[in-house]
Number of protein chains: 2
Amino acid sequence: MTDAEYVSIWMRPERPARGPRPAYSRAQITEAAIRIADAEGLEAATMRRIAAEIGAGAMSLYRYVPSRDDLVMLMADRLMGEIDVEGVPSGDWRADLTRYAYEVRAMWLRHPWIATVQRSLPSLGPNQLLLIERLMGVLDAHVSIDENLALMAILNGYVEGAVREEISSAEELRRSGLSEPEWMARSYPYIQQLVKSGKYPIFTKIVMEARQPHLSRDDQFRYGLERVLDCIAAALPSTARREGREARGD
Amino acid sequence: MTDAEYVSIWMRPERPARGPRPAYSRAQITEAAIRIADAEGLEAATMRRIAAEIGAGAMSLYRYVPSRDDLVMLMADRLMGEIDVEGVPSGDWRADLTRYAYEVRAMWLRHPWIATVQRSLPSLGPNQLLLIERLMGVLDAHVSIDENLALMAILNGYVEGAVREEISSAEELRRSGLSEPEWMARSYPYIQQLVKSGKYPIFTKIVMEARQPHLSRDDQFRYGLERVLDCIAAALPSTARREGREARGD
DNA sequence: CCTCCACTGGGTACGGCGTACGCATTTATG
DNA sequence: CATAAATGCGTACGCCGTACCCAGTGGAGG
């Protein structure tokens, strides 16, 4: 960062030639960091803590990774590798996108701290890139690149937004360090006050619904997803719409 | 946080009774913090920096706000107050939701750091609550609360996802502290290498499209938004669909 | 009017963070 | 075998959020 020598983490080779054998590896460090983040949140994955996890000194990590921010990029891309899209595109676009959505949701639920990391163009790692190729390949033959981008923005937006909501309460609980009943007892008075004030009728309905839900979390997610897929179907040319149905034997 | 005295920031009164007149206020502190975050990012809005901005000592802020996390909640809710939904619901649901979407997008572009703050149930402030009432009020008469939640998840997901993408490059640039041409020069080799490798044909198309876009950012956003609104229209009972059109005189 | 004490602003200090720098050690290459 | 490159990592610096403390202020009770 000080002078002109910055290059993206993805272009920086892991191992040079000479010298003693490295005792650790980027993959090992990334894995340890993910383990800690899963258990205690991303903020707990400090350089010292990660180093301790693998039995190294804190400063040793910098032989493998230029900065913590870069390490977080590695972690995020490692997570993208968990999304299994083997065999996509398969010809049945609706099945492909459904599978993608559930894979993403499952991954976010396993690693909720991903919600706090920013993604952007130069942070695109190999796994993320491969995922883009696969995902956008699903509709590539049927629509223009602009349309494809817009439709995937809707799909991704829905999936990420929905799972963010699922995560948020659990994360707040974890961050507070309280047990669940304790945390409920803390939050309850505020919610209760809002409901009792009578000024927020719709919010009240939401709380009531959340207390005794008609649909499971999974069904809620599924319902919104089907709406999104209907929306995508409507934007496709009729030939492509048919294709999906035929592949599934409707 | 140490013992059982935690209460939500929204239930904590700003001013007690006795003693000398406070020299500052929550609103003033929140405003100063937002000003700094807008200019230099949320991470620049440290307690010391905010205090300096209003001419106070660092520790004085804690007379008004229990912690930095609570201050960030105040900041986020202040931002929700910028979203102008006066007169919503108006009877024309499509116009209402369009206006909401553009208001949210404009606010995010003014305060891109909002992308990094987590929202959750007990962090709901008065402005956020009012917004929920207004927004969900738009479709409340036409659909069940479950359906309403699902449809708003799609709308919000799309809007936030789309604006996140618009923001991300600009934020990365700011965080790097580089000038735009410098930053381009740094990022270019990596993107170039990906394109030249030939392994990412769709990513290449996206880069080409981004280089010479057919649609402006606004038109891209509008296109996706119209798709989302079509999707919502399809989920409404026919009576409600007609209502919107009549109110606009179609 | 005086006394009391809840409240104020804010200085000092602590533990923890990311990481710059330097040093002794190891090993592939000439 | 000498050299240079790369290793692990201890020390140290500047920043962060914030606990604790204290002197000063001004409304309430006598």
Side-chain angles (χ1 to χ4, degrees), chain A residues 1-3 5-6 9 12-26 28-30 32-33 36-37 40-75 113 116-117 175-177, chain B residues 1-3 5-6 9 12-26 28-30 32-33 36-37 40-75 113 116-117 175-177:
Chain A
M1 190 71 79
T2 59
D3 53 345
E5 307 195 42
Y6 177 83
I9 179 73
R12 205 178 278 247
E14 168 148 22
R15 304 187 50 176
R18 294 249 282 280
R21 291 299 154 82
Y24 316 103
S25 70
R26 267 189 200 168
Q28 182 187 3
I29 293 168
T30 306
I36 296 169
E40 307 170 44
L42 186 58
E43 78 280 359
T46 68
M47 297 304 268
R48 288 170 231 259
R49 185 91 166 59
I50 297 164
E53 176 86 6
I54 61 173
M59 292 310 294
S60 303
L61 301 188
Y62 289 92
R63 296 286 174 195
Y64 301 85
V65 160
S67 73
R68 184 173 185 276
D69 283 352
D70 286 281
L71 176 54
V72 172
M73 285 188 198
L74 290 175
M75 294 166 71
W113 50 269
T116 67
V117 342
R175 199 142 36 88
S176 73
Chain B
M1 191 69 78
T2 59
D3 54 343
E5 307 193 42
Y6 176 83
I9 179 74
R12 205 178 278 248
E14 169 151 19
R15 306 186 49 178
R18 295 246 284 280
R21 294 269 183 253
Y24 315 104
S25 72
R26 268 190 199 167
Q28 183 187 1
I29 292 168
T30 307
I36 296 169
E40 306 169 46
L42 186 58
E43 78 281 358
T46 67
M47 297 304 267
R48 289 170 229 260
R49 186 90 164 63
I50 297 164
E53 176 85 5
I54 61 172
M59 291 312 293
S60 302
L61 301 188
Y62 289 92
R63 297 286 172 192
Y64 301 87
V65 161
S67 74
R68 185 174 184 274
D69 283 352
D70 287 283
L71 176 53
V72 172
M73 285 189 196
L74 291 174
M75 294 166 71
W113 49 269
T116 67
V117 343
R175 200 141 37 86
S176 72

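Labels below follow one simple rule: chain letters A, B, ... track the order of the sequence lines, proteins then strands, and each chain is numbered from 1. Source: prediction; values computed, not measured.
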Can you check nucleotides 15-19 of chain C for protein contacts, nitrogen or oxygen pairs under 3.5 Å, and list what you find?
from, atom 1, to, atom 2, distance (Å)
dG18(C), OP1, R68(A), NE, 2.9
dG18(C), OP2, M47(A), N, 3.0
dG18(C), N7, R48(A), NH2, 2.6
dG18(C), O6, R48(A), NH2, 2.9
dT19(C), OP2, Y62(A), OH, 2.9
dT19(C), OP2, R68(A), N, 2.9
dT19(C), O4, R48(A), NH2, 3.4

- Query: With respect to the phosphate group of dG10(C), does any side-chain polar atom (N or O) of Y24(B) fall under 4.0 Å of OP1 or OP2?
  - Reply: yes
- Task: For P20(B) and for R21(A), find the nucleotide of DNA chain C with the closest heavy atom, then tell me which residue's nucleotide is more 5'.
- Result: P20(B)
- For E43(A), the salt bridge (charged side-chain N to carboxylate O under 4.0 Å, His left out) test, sequence neighbours excluded, returns R174(A)
- Message: Rounding to an integer number of Å, can you tell me how far I29(B) CD1 sits from dG9(C) C1'?
- Response: 12 Å
- Task: Would you indicate what A56(B) reaches in the nucleic acid, counting non-hydrogen atoms under 4.0 angstrom: base, sugar-phosphate, or nothing?
- Result: sugar-phosphate
- Message: S67(B): which residues meet the side chain to side chain donor-acceptor pair (under 3.5 Å) condition with it, sequence neighbours left out?
- Response: D70(B)
- Task: List for me each residue that meets side chain to side chain donor-acceptor pair (under 3.5 Å) alongside S25(A), sequence neighbours excluded, and say none if there are none.
- Result: none
- Distance in angstrom units between I54(A) CD1 and dT7(D) C1', rounded: 14 Å
- Are side-chain heavy atoms of R63(A) and P22(A) found at a separation under 4.5 Å? no
- Quick one: side chain to side chain donor-acceptor pair (under 3.5 Å) partners of R48(B), sequence neighbours excluded? none
- Message: If the condition is side chain to side chain donor-acceptor pair (under 3.5 Å), which residues does E53(B) pass it with, not counting sequence neighbours?
- Response: R35(B)
- Task: Just compare dC21(D), dG8(D), dG27(D) and give me whichever is closest to any side-chain atom of Y64(A).
- Result: dG8(D)
- Grab the CZ-P distance between R63(A) and dG22(C) for me, whole Å please. 12 Å
- Query: Whole Å only: how far is the CD atom of E14(B) from the P atom of dC7(C)?
  - Reply: 14 Å
